[in-house]
Structures are given as C-alpha cells and as structure tokens.
Amino acid sequence: MMSDSGVLVDVILPMAKAGDAQARLEAAAQALGIDASRICDIRLVKESIDSRQKKILFQLRLLVGVDSPLPPEQMPSKDYPLLPSSAQEVIVVGFGPAGMFASLRLIEQGFKPIVLERGKDVSARRFDLAPIMRGDGIVPDSNYCFGEGGAGTFSDGKLFTRATKRGPVREVYETFVAHGAPKEILTDAHPHIGSNLLPNVVKAIRESVLQAGGEIHFQAKVEGLLRSADGRKIRGVRCADGREFLANAVILATGHSARDVYRMLQREGLTLEQKPFAVGVRIEHPQAFVDARQYHLRPDQKRPAQLPAARYSVTTTIQDRGVHSFCMCPGGFIVPAATEDDEVVVNGMSLSRRDSPFANSGFVVSVHPEDTKAYQAEHGVLAGIAYQKNLEVATSLAGGGKQKAPAQRVTDFLKGRVSQTLLDTSYHPGLTSCPLHELLPHDVMWRMREGLRFFEKKWRGFAGSGAQLIGCETRTSSPVRIPRHELSLQHVDLEGLYPCGEGAGYAGGIVSAALDGRRCAEAVAGANL
C-alpha cells in the first residue's frame, strides 16, 4: 500500500524478533519483494499481538522508505489560534472528554468556549479522592466521576474504540500526544494512558484552552437554562451560586452520572428518552491467571517482558439480554465511584505500568427500559436512574458503610451460598462477605450465573476458585438519552442546546465522547445562531 511518504506494509514476526530492527527490515523487504538494500528507513505505524496460538506473534504495520529516507516525522502540535476579542462565545457544560474536545474544536473554528465545570481542577480533585478511599465521605461534586477531565481521568484512560466511523480517531490520539500522552498510543492496537499520567494531560489541555482565550470556570454547577421569551431558543445557563452566563449555543457535555442534569431538563419540560444500559459487578482474578490463559504460560512461568499484562473480553446472550465483560483493567485496581454517601458503586482503573497483581473487569447484564417498569409510575423516563440508585443504596447497606463493598467468591455465587472467607482484593476501602445472588435483581442474577457457567466452559478457571465478584457496577452508561436532531445535533425541543457525549447517550468511552464533542462543536460552527 502506497503512502504519500513511503510504502505501508504488514508483516508478522515472532515475539523474540518483533523488536529487532534487522528482523523488521528483512521482513519488510520480503513482503515487498525487493532487496533489503533498497530500504532506507522504517517506521512503526501500528502494533498488535496475536496470542491465539501457543506461538505468540506480533502483527506490525510498517511505513517503509524505499530508495529514499522517509521525511521527518511530524509530531502532533498543540498550537491553537489566539481568539480575537470579538469571537462569538459558546457555553460548554462539563470538561470531560466531550467538553475538552468540543472546546478545542471551537477554538480551531474561531469560537470562544466558556467552560462551566461543576467539579474542581484535576489537582484539587485528587485530594478529594483520599477520603473516599478511607471511607470518610464523598465530596458530591469532586470524586471519581465529577471534576476536570471527567470520569476517565482517575479510572484508567483506555482509548481503544470501535467508533472509527464517527470521526478522526487518529486526530484524537494526536491531540492527547501533543498534550503529553505517551507517543505509543499512536501505534498500540489497544492504546492506554493510565490514571497516573492522564491528569497532567488534562492540565495541558486546560492550558491550551486558556492560552487561546477561552474561559474555564470550576465549581460552576449548572442548575437552570435561560431561554428566549417564546421558550424555543436557549440564551444561556444559570449556576447554583446564582451566576448567569449568556450565549446562543450551549454544548451540554455532562457525564452519565450527572443525574441532576436529567432532572433539570425534565423540570424544563424538555423531551428525554429511556435507553438500555447494564448493571452487574466487578469480577477480579489474579493477573497471573489471565496472563497464563491468554499467553499459554505454565502456572509457574512469568509473563515475558515483551508482553503487556493480558486482557480479555467475553460476551454472550442469555434470553435476549447481553451478558458481557466491560472496561477490563489488566494489572489494575477496583475503585469506589459513587457520587453520594448513601451509595456504593465500583469501577476499575489501571496505572500506565499495569503492574498490579490483580485483573478486574465489569461483568454486567443488559437492562432494557421494560425491565424498569417497577419504577416508571413514579419516575417516568428517569426510571432507569431510579433502578440504578436503588441498587447502589442496597449495595451500600450490604457493604456496611464507609464505602465497603459486598463481595462473594464466584463458586459461592453459583451455588447460592455466603462466602465464609474472601480472597485478597485491590479494592482499598475493603470488602464485606455478602450473598450477591440475593442483592442483585433476579433477572440480572440468574443471567449472570448462566453467563459465568458458559464462560467457564470456554475458559477453565474464569468462574473458578480464584475469581471473586465485587458489587455493584451500575454506571456502565446512561439509562437516559437526550434526543437531538440527526443533522443539526440540537435538542429536538430547544434551539441552540447541543446534547453531547456519554451523558446525552451518544458515546461510550473517552474517544467516542471526544469525537462527539468535536462533532457538536462543528455543528455549532455551521449553525446560524
């Protein structure tokens, strides 16, 4: 395959030779059918690992300079134009991935973003996580879900996405690299930044917005919309402290845990829709077990240094409902992700090194709107939120308070008995033995059991004595969609309001949220506001 600056070629090398420059050169020459002496330069474009067979192979996409060197590699830039004082202002509510990338894209198109973030900046936010880990209480607007950078900042920074048709994924990666992310995310098949590195990347993005002339207001929680006299057009927003910000366009980029935002929209009389989501638990294994299974290692054999901590993905369907892994964290930790003190919610994260002795993943079951009927009479379109909240409160009570999480060995969960002892865990606040088979909604519980049995047949030990369930994982995605016009991306009831990202129901991770933020910013630029 020809490129403007070289020839693209795919080669496969055994693990022992994958990093060897001479082996890459010889493989590229053979694939191109040319003499190796004609190759002047080679650059790695993409790398993935094929561990399906006992002999582990590296699949490499290389850019090859034939008969002449490749031009110098252009590093991603974070230079943004300085906005003129006359730049039209656009309000961006939320500074997670959707809000950050919407802000940067607005600047590129000559608009001034006015960012309103309910939480604190990422440095101050870090200090508010310590009390959660100790069980001393949750700061409502500054926790694992709320604050600068959004939920992904302190829960992993996984960038793998299948949303390649939604926009320029490569540009999202390059933006992260320009702001300090490791260059390897441009070539890894499953890119990942890590919760220890991502905060500094978020800070750098903030500085880019500010240096270009944008504004960012922290602890600015939006509680109301300002509308035209006829109520059909947005004119700005009102914050909880009484401040008002005026603009003819508002990008609503709040995350899926901002439940008060849905209630605000409901009070405003704006259309909302229920959508499917998923709930379940975190399943935790020793990372060595996952490595051994995925890399065909003996129980006493260490993972080779060339290989990253192994990951997995499992999925099946049990009576019209999906049962699947979610947000798998190799070499990771389970963290408390509740946003109120009466809840326990678990999530997963990894540091960039992924060197924890534990692997964890969400293990969840799909919940459809019809599964929330018990809550619909009282809560209407917000029935899914009530379903989540009820389970989160019950989880807190079962754990015994102070963010302790209820847990059960998988073998006991399958047999319907309380675990007499629990396994070691990465969950810092601590565990309480609990019959999760009684805590979980029945339709979720029995499908989860069937799913575990199914995966155990395919992967012996997945549901074995070394596996443990920790509850409950409830914030997989929003149970609500904020409907918008397909082309203009404006809310179906309110001109100038652009629902965006995960919280609006249009994304499912950092990259897809970033792409949706860019798309909404472009829609604003194309509108006659």
Side-chain angles (χ1 to χ4, degrees), residues 4-5 71-117 121-122 148-150 153 159 166-183 185-186 193 198-218 220 234 236-237 245-253 488-490 496-498 500-501 507 510-529:
D4 291 340
S5 55
E73 188 172 7
Q74 298 295 315
M75 289 302 296
S77 170
K78 62 174 182 177
D79 292 330
Y80 293 88
L82 182 63
L83 294 167
S85 58
S86 59
Q88 185 174 349
E89 296 181 349
V90 176
I91 294 170
V92 179
V93 183
F95 204 55
M100 290 190 296
F101 279 79
S103 298
L104 294 175
R105 191 67 179 132
L106 285 169
I107 291 168
E108 290 173 338
Q109 296 173 108
F111 290 81
K112 178 180 178 178
I114 308 295
V115 178
L116 306 178
E117 166 55 54
D121 69 79
V122 74
E148 184 180 25
T153 303
L159 302 180
R166 297 190 186 185
V169 172
R170 172 80 180 190
E171 289 185 26
V172 171
Y173 293 163
E174 288 178 345
T175 300
F176 279 124
V177 171
H179 290 89
K183 183 183 174 183
I185 69 172
L186 299 175
I193 298 178
L198 196 52
N200 285 333
V201 176
V202 170
K203 288 181 190 177
I205 292 175
R206 180 216 307 165
E207 288 306 309
S208 286
V209 172
L210 295 176
Q211 288 174 11
E215 295 181 16
I216 301 177
H217 301 267
F218 293 110
I234 200 157
V237 298
F245 294 85
L246 303 180
N248 292 331
V250 174
I251 296 177
L252 190 63
S488 74
L489 305 189
Q490 297 177 64
L497 179 65
Y498 294 79
C500 181
I510 289 175
V511 174
S512 60
L515 291 171
D516 201 53
R518 287 174 52 95
R519 189 176 172 216
C520 285
E522 291 164 358
V524 169
N528 184 21
L529 299 172

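Nothing here was measured: the structure is a model prediction, and the numbers come from that model.
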Do Glu117 side-chain atoms and Phe95 backbone N/O form a donor-acceptor pair below 3.5 Å? yes

Are the side chain of Gln490 and the backbone of Gly496 linked by a donor-acceptor contact shorter than 3.5 Å? yes

Quick check: closest heavy atoms across Ser488 and Tyr498, and the distance to 0.1 Å? O-CE2, 3.3 Å

Determine the minimum heavy-atom distance between Ile251 and Ala102, stating which atoms define it. CD1-CB, 4.1 Å

As an exercise, state the distance from CG of Leu186 to CZ of Arg170, rounded to the nearest 0.5 Å. 4.5 Å

Gap separating the CD1 atom of Ile205 from the CZ atom of Phe101, nearest 0.5 angstrom: 5.0 Å

Is any side-chain heavy atom of Pro113 closer than 4.5 Å to a side-chain heavy atom of Leu83? yes

Do the side chains of Ser103 and Val90 get nearer than 4.5 Å, heavy atoms only? no

Quick check: closest heavy atoms across Leu489 and Ala523, and the distance to 0.1 Å? CD1-CB, 3.9 Å

Distance check, rounded to the nearest 0.5 Å: Leu497 atom CG versus Ile91 atom CD1? 10.5 Å

Side-chain contact test, heavy atoms from C-beta onward, threshold under 4.5 Å: evaluate it for Pro81 versus Ile107 and give yes or no. yes

Output yes when a side-chain donor or acceptor of Arg206 lies under 3.5 Å from a complementary backbone atom of Met100, and no otherwise. no

Spacing of CD1 belonging to Ile234 relative to CG belonging to Leu252, to within rounding of 0.5 Å: 8.0 Å

Thinking salt bridges, do Arg105 and Glu108 make one under a 4.0 Å N-O criterion? yes

Which value, rounded to the nearest 0.5 Å, describes the distance between Thr153 atom OG1 and Lys203 atom NZ? 11.5 Å

Hey, are the side chains of Val511 and Tyr173 touching, using non-hydrogen atoms and a 4.5 Å cut-off? yes

Could you walk me through whether Lys78 and Glu207 pass the side-chain contact (heavy atoms from CB on, under 4.5 Å) check? CA-CA 10 Å; Lys78 62 174 182 177; Glu207 288 306 309; over 6 Å; no

What's the shortest heavy-atom distance between Arg518 and Glu171, and which atoms? NH2-OE1, 3.1 Å

Specify the closest pair of heavy atoms between Ile193 and Ala181, including all atoms of both residues, with the distance to one decimal. CD1-CB, 3.9 Å

Which atom of Glu89 lies closest to which atom of Leu246, heavy atoms considered: OE1-O, 4.1 Å

In Å and rounded to the nearest 0.5 Å, what is the NZ to OG distance from Lys112 to Ser85? 9.0 Å

Does the Glu148 side chain pair with the main chain of Asp121, one donor and one acceptor, at a distance under 3.5 Å? no

